[in-house]
Amino acid sequence: MLWSDSDADLKAAALEIQQGNVVAMPTETVYGLAANALSPLAVRKIFEAKGRPADNPLIVHISEPEQMVHYAIPDVRAQRLAECFWPGPLTFILPKKDTIPSVVSAGLDSVALRLPAHPIALRLIREAGVPLAAPSANLSGKPSGTTAEHVLNDFKTKIAGVIDGGACICGLESTVVSLLDTRPVLLRPGFVTPEQLRQVLPDLIIANAVESQLKNSEKVLSPGLAHRHYAPEAETIGCLGQPEQIFKYLCTLQICKQDAVLCFEGEEKFFSVSIVETYGKRGDPESQGRQLFDALRNLDRKKPNRIFVCVEKTAGIGLAVYNRLLRACSFRMIDTERITGL
Ligand code: AMP
Ligand code: MG
């Protein structure tokens with residue numbers, strides 16, 4: 001079922017939620033696969049539809065900041081973050097209350113909360129009258145869904161329906177901050193940047209896993225950090241550097257016709273391969289974030305042998321784009337500017 005944003009359609013979608021079914025909704029970050037967060041049976045359906053490992057907890061979406069106290073034990077930092085960044089693409093993790101079933105938190109004592117800014121998501125939460133557990137709407141491990149079409153491609157008849165809200169404005173999942181320890185920890189970068197967060201939380205730490213692969217001995221602060229993520233079917237390799245340098249590097253690798261390049265807009269001319277896709281502009285991580293998952297999904301459809309992705313490492317929203325690409329590439333990131341003799 002494909003619903004519009006009409007009142008009648010939102011009521012139909014909310015009814016599905018109340019009956020314990022799963023509905024996909026647009027948010028400003030990515031589409032979410034939503035179910036009643038207070039019903040373990042309904043939440044289990046999300047895990048089944050996605051093929052999500054049971055040890056990876058879900059974010060709970062609320063529609064008013066005051067609802068936070070029903071589900072978590074907030075502190076003054078949570079209140080400040082909510083005042084500054086809600087509604088918006090920020091999730092924070094707090095000690096949970098018993099109202100949240102353990103299937104939502106994957107057995108942890110904590111819960112992730114977010115108040116999204118998308119009007120359709122807010123209307124759906126209010127109409128359903130319950131908080132919504134909602135992970136990104138994609139098969140586990142695959143690029144997140146940022147349009148209703150992406151969601152239908154992945155889930156077809158596996159869910160009750162999708163509310164079509166067009167393409168997501170951010171295109172990358174929410175920023176996730178843990179407030180479980182004395183010092184707040186950034187677990188996943190997003191459109192709310194470390195620089196913005198530090199205005200409120202000057203002692204914010206960035207988890208090692210944001211920019212590098214977890215070592216076996218390292219403590220997993222967020223189960224999602226340990227899982228394979230955002231990955232296209234084909235082997236994917238990230239390439240840092242200017243386009244001329246990246247192409248010189250590719251020439252040393254015996255590239256073949258079925259290899260693809262994902263580059264920045266306006267740089268297609270540097271790559272003489274048959275499959276070239278773009279994701280936003282160099283120096284403009286906002287446009288990159290908005291288009292990244294759509295581009296990875298388009299490439300998947302063309303069934304390339306390998307995908308070489310042009311990457312730049314920048315601050316702000318750029319950290320979020322880099323973090324997703326590191327995982328899409330299973331941490332294979334080559335700095336072509338450091339290769340001498342090209
Ligand atoms: P997604 O549902 O795809 O947006 O991913 C949600 C992210 O938040 C995953 O990386 C989860 O591991 C993380 N997360 C959700 N709840 C918690 C929690 N209680 N503690 C730590 N990480 C969490
Ligand atoms: Mg996800």
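Position 1 is the first residue of the sequence; numbering continues from there. Only heavy atoms go into these numbers, but all of them, side chains included; no hydrogens, no water, no symmetry mates. Every number for a ligand or one of its atoms is a count from 1 in the order of the listing.
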Taking atom types as modelled, find out whether Ser174 and Thr91 have a side-chain donor-acceptor pair closer than 3.5 angstrom. yes
Side-chain donor-acceptor pair under 3.5 Å between Asp294 and Thr146, yes or no? no
Close-contact set for ligand 1 against [X] heavy atoms, below 4.0 Å:
X: Pro135; value: 2 (O)
X: Pro57; value: 11 (C), 12 (O), 14 (N), 15 (C), 16 (N), 17 (C), 18 (C), 23 (C)
X: Asn56; value: 9 (C), 11 (C), 12 (O)
X: Ser110; value: 18 (C), 19 (N), 20 (N)
X: Arg188; value: 1 (P), 4 (O), 5 (O), 6 (C), 7 (C)
X: Ile59; value: 4 (O), 6 (C)

Pairing residues for Glu211 by the salt bridge (Lys or Arg N to Asp or Glu O under 4.0 Å) criterion, not counting sequence neighbours: Lys313
Residue Arg183 excluded, over 12 heavy atoms near CZ under 6.0 Å: yes
Taking the inter-plane angle between the rings of Trp86 and Phe92 on a 0 to 90° scale, is it parallel (under 30°), tilted (30 to 60°) or perpendicular (over 60°)? parallel
For ligand 1, indicate whether the residue Val30 contacts it via side chain, backbone, both or neither (heavy-atom separation under 4.0 Å). neither
Below 4.0 Å from any atom of ligand 1, is there a heavy atom belonging to Arg52? yes
His118 versus Met25: any side-chain heavy-atom pair under 4.5 Å? no
N/O separation below 3.5 Å, Ser136 to ligand 1: yes
Going by side-chain hydrogen bond (donor to acceptor under 3.5 Å, both in side chains), Arg282 matches just one of Gln288, Glu267, Glu265. Which one? Glu267
Is there an N/O/S atom in Ser140 that lies less than 2.8 Å from the Mg ion (ligand 2)? no
